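Nothing fancy with the numbering, it's 1 onward along the sequence. Quick caveat, the model's predicted, so the values are computed rather than measured.
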Amino acid sequence: MKIDRLTKETFGSIQDSLLKRSANSYPKQEAAVAEILENVKKNGDKAVFEYEKKFDHCELTADNIRVTPEEEEEAYKLVDPELVGVIQRAIKRIRAFHEHERQESWFMTEKDGMVLGQRVTPLHRAGVYVPGGKAAYPSSVLMNVIPAKVAGVDEIVMCTPPGADGKVYPTTLVAAKEAGVDTIFKVGGAQAIAAMAYGTESIRKVDKITGPGNIYVALAKRAVYGHVSIDSVAGPSEVTVLADDTADAHCIAADLLSQAEHDELACAILVTTSKKLAEDVNREIDGYLTFLSRADIIRKSLDNFGHILLVDDLDEGVAAVNEIAPEHLEIETREPFLVMTKVRNAGAMFIGPNSSEPLGDYFAGPNHVLPTNGTAKFFSALSVDDFVKKSSIIYSSREALENMHSDIIRFAKAEKLTAHANAIQVRFGEEEGNRRPE
C-alpha cells in the first residue's frame with residue numbers, strides 16, 4: 001500500500017477514487033436494471049422465470065420457486081451440526097442486542113385534557129435479499145432477519161439465487177430457518193428486487209426490502225425506493241483503522257486484509273501518526289499475501305483502494321476519519337475510548353486491539369449492515385427502527401382547542417390558508433362569510 005502524508009491534495013484524490021465505487025457510476029447497468037424492473041412489473045412470474053434461466057441457469061416454475069420444508073430438512077443434513085450451533089449462538093447475541101433497540105408507543109396528557117402520543121407499529125411484510133453466486137452468507141441472513149423479528153414484522157420473505165440445480169446454499173437455508181424467515185424464494189438479482197417490490201403471481205409485494213447484493217441489486221433497490229422502502233443502497237465494503245505508535249502492525253495488517261478480501265472494489269485505509277507503524281503494516285501485508293486464499297482479490301483491492309495516511313496527531317486523524325465516514329472504524333490508540341468520543345461519522349466503531357472487525361461481522365451482536373461510501377454522515381446501521389413505523393396521536397379537549405385556537409388561526413392566515421383557519425373558526429362560531437343555518 002502506498003504511504004502518503006495527509007494533505008488536501010492526497011485526501012481529495014482518495015475521496016474521488018472512492019466515489020467512483022458508488023451506484024451512480026454504472027449507467028449501462030442502470031439501463032439493464034430498468035428494463036428488468038419494467039418487465040417483471042408487467043409480466044410477473046413469466047419474466048422472473050426467464051431471467052432466472054438466463055442469469056442463474058435454473059428452470060423455475062410456480063411449482064418450484066418456493067423452498068419446500070423437505071428442502072429445508074435436507075439442508076440441515078448437509079450442514080455441520082457444529083456450524084448450526086454457531087448460528088444459534090450468534091442469533092442469541094444478535095437478538096439480545098436488538099432487543100435494546102425496541103421502542104414502545106407512548107402517550108402524554110396535558111392539564112387541559114389534550115392527549116398526545118406516538119404509536120409504534122411493525123411493518124406488515126418485509127423482504128430480505130441474500131446474495132448467492134460465489135459464496136454463502138448466512139451472517140447476512142441473521143443480520144437482516146433478526147431485527148425484523150424483534151420489531152414484530154408479521155411476515156418475512158427471503159429471496160436468494162439458486163444454483164443451476166435449483167437448490168439454495170444449505171447454510172443459507174439453515175440460517176433462514178433458525179432466524180425465523182416465513183417463506184424463501186429461489187430468485188436472485190434485480191428480478192428478485194422487482195418481484196418483492198411490485199409483486200408477482202408467486203411473490204406478494206412487501207413493504208420494505210433489505211439486504212446486500214451486487215451492483216444490479218443495489219441499482220434495483222434504488223429504483224424501487226418510494227414504491228417500497230429500502231434499507232440503503234450499499235456499496236463495497238470498507239474499513240478504516242485509526243492508530244498510533246502503540247498499535248500492533250501484525251494485527252492491523254490482518255484487519256485491513258479482512259475487508260480487502262471481499263472484492264476488488266473493497267477499501268482499506270490506515271490513518272496513523274506513526275511512520276514506523278505504516279512501514280511495518282506494509283511488510284506484514286506482504287507476508288500475509290503469500291498464503292491467503294483470496295490474495296489476488298486483495299491485491300487488486302489494495303492497489304486501487306488501499307491507502308496509508310500519515311497525520312501529525314490524532315486530532316488530525318479524527319478529522320480525516322470524520323470526512324471519510326467509514327463503514328467500519330477500528331480505533332487502536334493509547335486512549336481509544338477518548339478518541340471514540342471525538343468521532344462523529346462511522347457506521348460501527350471497534351475499540352481497542354481485541355475488537356477486530358470480523359467480531360462485528362459475525363458474533364458481537366450489533367448489526368453488520370452499515371452505511372458505506374461516506375453515507376455514515378447521515379445514515380445508521382440497520383436496526384429494529386427500520387422495521388417499524390410511527391404514527392402521531394392527537395386528541396384535543398374543547399378546553400385545549402380553545403386555549404390555542406387564536407394562535408392556530410393567526411398562523412394559518414399568515415400562510416394564506418384561509419380554509420385551515422376556517423376549520424378552527426367554525427368550532428367557535430367565528431367563521432367568516434357563510435354561517436351554519438340556524
Side-chain angles (χ1 to χ4, degrees), residues 1-4 6 14 86 90 93 139 236-263 266-314 316-318 320-322 324-343 346-368 370 372 376 381:
M1 294 169 70
K2 187 179 179 182
I3 301 174
D4 287 309
L6 180 63
I14 290 170
V86 169
R93 294 192 61 86
S139 61
S237 189
E238 55 197 40
V239 65
T240 294
V241 179
L242 177 61
D244 60 17
D245 58 357
T246 64
D248 185 326
H250 191 61
C251 291
I252 287 179
D255 291 355
L256 293 170
L257 299 184
S258 74
Q259 290 305 292
E261 78 167 339
H262 273 289
D263 60 57
C267 169
I269 298 175
L270 169 61
V271 179
T272 181
T273 57
S274 170
K275 185 177 181 181
K276 181 179 185 304
L277 178 70
E279 293 169 345
D280 289 346
V281 166
N282 256 345
R283 280 193 292 271
E284 294 288 347
I285 286 173
D286 290 340
Y288 281 123
L289 289 177
T290 62
F291 65 86
L292 288 174
S293 63
R294 294 169 69 88
D296 288 344
I297 291 174
I298 292 171
R299 285 191 182 93
K300 290 177 182 177
S301 168
L302 296 183
D303 285 346
N304 293 313
F305 305 108
H307 304 277
I308 298 178
L309 295 174
L310 293 176
V311 293
D312 292 332
D313 53 45
L314 286 175
E316 186 181 18
V318 168
V321 165
N322 282 329
I324 295 168
E327 177 187 18
H328 308 98
L329 171 66
E330 292 189 8
I331 302 175
E332 299 197 25
T333 62
R334 281 183 180 81
E335 299 180 278
F337 281 98
L338 176 61
V339 174
M340 178 267 291
T341 64
K342 300 178 181 180
V343 176
M349 290 186 264
F350 300 79
I351 313 299
N354 298 309
S355 305
S356 177
E357 188 278 332
L359 171 66
D361 274 350
Y362 298 110
F363 222 78
N367 210 286
H368 79 198
L370 300 166
T372 58

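Closest approach of Asp313 and Thr273 over heavy atoms only: C-CG2, 3.6 Å. Taking all atoms of both residues into account, the shortest heavy-atom contact from Leu314 to Ala243 is CD2-O, 4.5 Å. Residues Glu332 and Ile252 share a closest heavy-atom pair of OE1-CG1, 3.8 Å. Closest approach of Thr272 and Leu277 over heavy atoms only: OG1-CD2, 3.4 Å. Here the closest heavy-atom approach between residue Val271 and residue Gly317 is recorded as CG1-CA, 3.8 Å. Val86 approaches Phe363 most closely through the heavy-atom pair O-CE1, 3.6 Å.
Between the side chain of Ser301 and the main chain of Ala266, a donor-acceptor pair closer than 3.5 Å is present. Judged purely by atom type and a 3.5 angstrom limit, Ser139 has no side-chain atom pairing as donor or acceptor with the backbone of Tyr362. At distances below 3.5 Å, at least one donor-acceptor pair connects side-chain atoms of Asn282 with backbone N or O atoms of Met1. Of the possible donor and acceptor atoms, none in the side chain of Arg93 sits under 3.5 Å from a partner among the backbone N and O of Gly365.
With sequence neighbours excluded, the residues satisfying side chain to side chain contact (heavy atoms under 4.5 Å, CB included) with Asp248 are His250, Cys251. Taking the side chain to side chain contact (heavy atoms under 4.5 Å, CB included) definition, one finds that Leu338 meets it with Glu335, Thr341, sequence neighbours left out. Residues satisfying the side chain to side chain contact (heavy atoms under 4.5 Å, CB included) test with His328, not counting sequence neighbours, are Ser237, Val239, Gln259, Phe350, Glu357, Asp361, Leu370. With sequence neighbours excluded, the residues satisfying side chain to side chain contact (heavy atoms under 4.5 Å, CB included) with Lys275 are Glu279, Leu310. With sequence neighbours excluded, the residues forming a salt bridge (Lys or Arg N to Asp or Glu O under 4.0 Å) with Asp245 are Arg334, listed by chain and number. Looking at residues two or more places apart in sequence or on another chain, you find a salt bridge (Lys or Arg N to Asp or Glu O under 4.0 Å) between Asp312 and Arg5.
In summary, Lys300 and Asp303 do not engage in a salt bridge, as defined by a charged side-chain N under 4.0 Å from a carboxylate O. We find that Arg283 and Asp280 are joined by a salt bridge, their nearest charged nitrogen and carboxylate oxygen being less than 4.0 Å apart.
To the nearest 0.5 Å, atom CG of residue Leu359 and atom OG of residue Ser258 are 11.5 Å apart. Note that CZ of Arg294 is 13.0 Å distant from CG of Leu289, once rounded to the nearest 0.5 Å. His262 contributes atom NE2, which lies 12.0 Å from atom CG of Leu257 (distance to the nearest 0.5 angstrom). The distance from the NE2 atom of His307 to the CG atom of Leu256 is 12.0 Å, given to the nearest 0.5 Å.
Defined by atom type and a distance below 3.5 Å, a donor-acceptor pair is present between the side-chain atoms of Ser356 and Asp255.
Heavy-atom contacts from other residues, nucleotides or ligands closer than 6.0 Å to OH of Tyr288 number more than 12.
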